[in-house]
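Heads up: the structure comes next, in structure tokens.
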2 protein chains.
Amino acid sequence: MPAPRRELLMDTAEQLFYRDGFHATGIDRIQAESGVAKTTLYKHFASKDALILAVLERASMRVRSSLQQQAQRLRGKGLERILAPFEDLQGVCGEDDFNGCLFNNAAAEFMYSNPPIHALAREHMDWMRQFLHQLLEEEGFDPQQAWLLLPLYEGVLTVARVQDSEPAIKQSLTAIRALLQT
Amino acid sequence: MPAPRRELLMDTAEQLFYRDGFHATGIDRIQAESGVAKTTLYKHFASKDALILAVLERASMRVRSSLQQQAQRLRGKGLERILAPFEDLQGVCGEDDFNGCLFNNAAAEFMYSNPPIHALAREHMDWMRQFLHQLLEEEGFDPQQAWLLLPLYEGVLTVARVQDSEPAIKQSLTAIRALLQT
DNA sequence: GGATGGGTGTACAGATCTGTTTCTTTTTAT
DNA sequence: ATAAAAAGAAACAGATCTGTACACCCATCC
């Protein structure tokens, strides 16, 4: 099996886009870091924008299937099933090169300058909210609470960039417990 | 009173940095939009980094004094005093060129590439958390809830970039009410 | 045993970005 | 009124960025 150039490019690009940002990461850097020739990059992706879109789309699908798998495992477990994504935040925030939520970072950088990219970020968040909505519904909680859980989830990722994530996660977990069990 | 060039530059820069991002906003654009000559810009600010720092510092002070003034007005009003900053989010999220939280955007773009800017964003968040901590304490609530309120506040700003802010704010307000009144 | 397709390497075009230089003009203070 | 300070205009240096052109390598397949 030959080295899958396309995947390697997307891996490198995703890491750099996430860590350093989209505008700050040049094509040359992705080329140098991945070791793939620039010609090859432009044979696989029509432009930097196309690469960004491909990276975000793949990342979104990865997150979705991971969350869905976990939700599958915890089906019927009530509160535990709702809390699971928040418990995972501990690990996410502790990762090397952690830099918040990739989709929020993309939304911020391309809010008004690149509608397709911004739309992709919005779609990811939409999916997240609907996912939480369904989870809450299936476990017998008020599904409208998805409108609280989503900001809280994103807020923890956001605050953990500049502060200790541990107390934020801890307070969020106990708050969710208190709110849903009434 | 002559047009204060320095303030005009910072006004223009802040608007562009906020709307389009820091890396995406060039000096030339700030120059053109403000009408101030580039020579003058570099007479007031040693570099783009220095301009960014000045803009963030000024914005942080503006936010702080605004929140403190409001807190002063609502002294002793209990829950209402805690909720006030969250109620203001309605207006903030509806503004033209709204793009989340300026300090989080800065933290994301400069997380690993520019420690001074990242530190300034961290200091702003630190202040916010301590401010909420003090508010909670003064009104007789558990001050540790600041570790919940801060992510929630930032999360609403973050989610409102790609979704309707109204239900997020509404759910947050009722959640805070429910959590603190126990 | 060539043709084909994917990959490499390098140089380059053209745009843009930060920051500087030089010179002129306007404003302000004494 | 005149000196000094502030601002303006425009060109430019040097770096970097996206994207392309061109020549070459090398495996696989027919």
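A note on names: the letters A, B, ... follow the listed sequences, proteins ahead of strands, and every chain is numbered from 1.
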Is the distance from OP1 or OP2 of dA6(D) to the nearest side-chain N or O of H44(B) less than 4.0 Å? no
Produce a footprint string for nucleotides 12-22 of chain C: one letter per nucleotide, 5' end first; B if the base is under 4.0 Å from any protein heavy atom, S if only the sugar-phosphate is, - if neither. ------BBBBB
Taking ring pair (Phe, Tyr, Trp, His ring centres under 6.0 Å) as the test, write out the residues that go with H23(B), two or more places apart. F110(B)
Got a list of side-chain donor-acceptor pairs under 3.5 Å for residues 113-120 of chain B, not counting sequence neighbours?
residue	atom	partner	partner atom	Å
N114(B)	ND2	D49(B)	OD2	3.0
H118(B)	NE2	R161(A)	O	3.4

Show me the donor-acceptor pairs, under 3.5 Å and distance only, between side chains in residues 82-89 of chain A and residues at least two apart or in other chains.
residue	atom	partner	partner atom	Å
D88(A)	OD2	Q70(A)	NE2	2.8

Qualifying residues under ring pair (Phe, Tyr, Trp, His ring centres under 6.0 Å), relative to F131(A), sequence neighbours excluded: W127(A)
For the pair made of CD in Q31(A) and C1' in dT10(C), what is the distance, rounded to whole Å? 11 Å
Go through the structure and list residues passing side chain to side chain contact (heavy atoms under 4.5 Å, CB included) with R75(B), not counting sequence neighbours. Q72(B), R81(B)
Round to the nearest Å and state the distance from K43(A) atom NZ to dA21(D) atom C1'. 11 Å
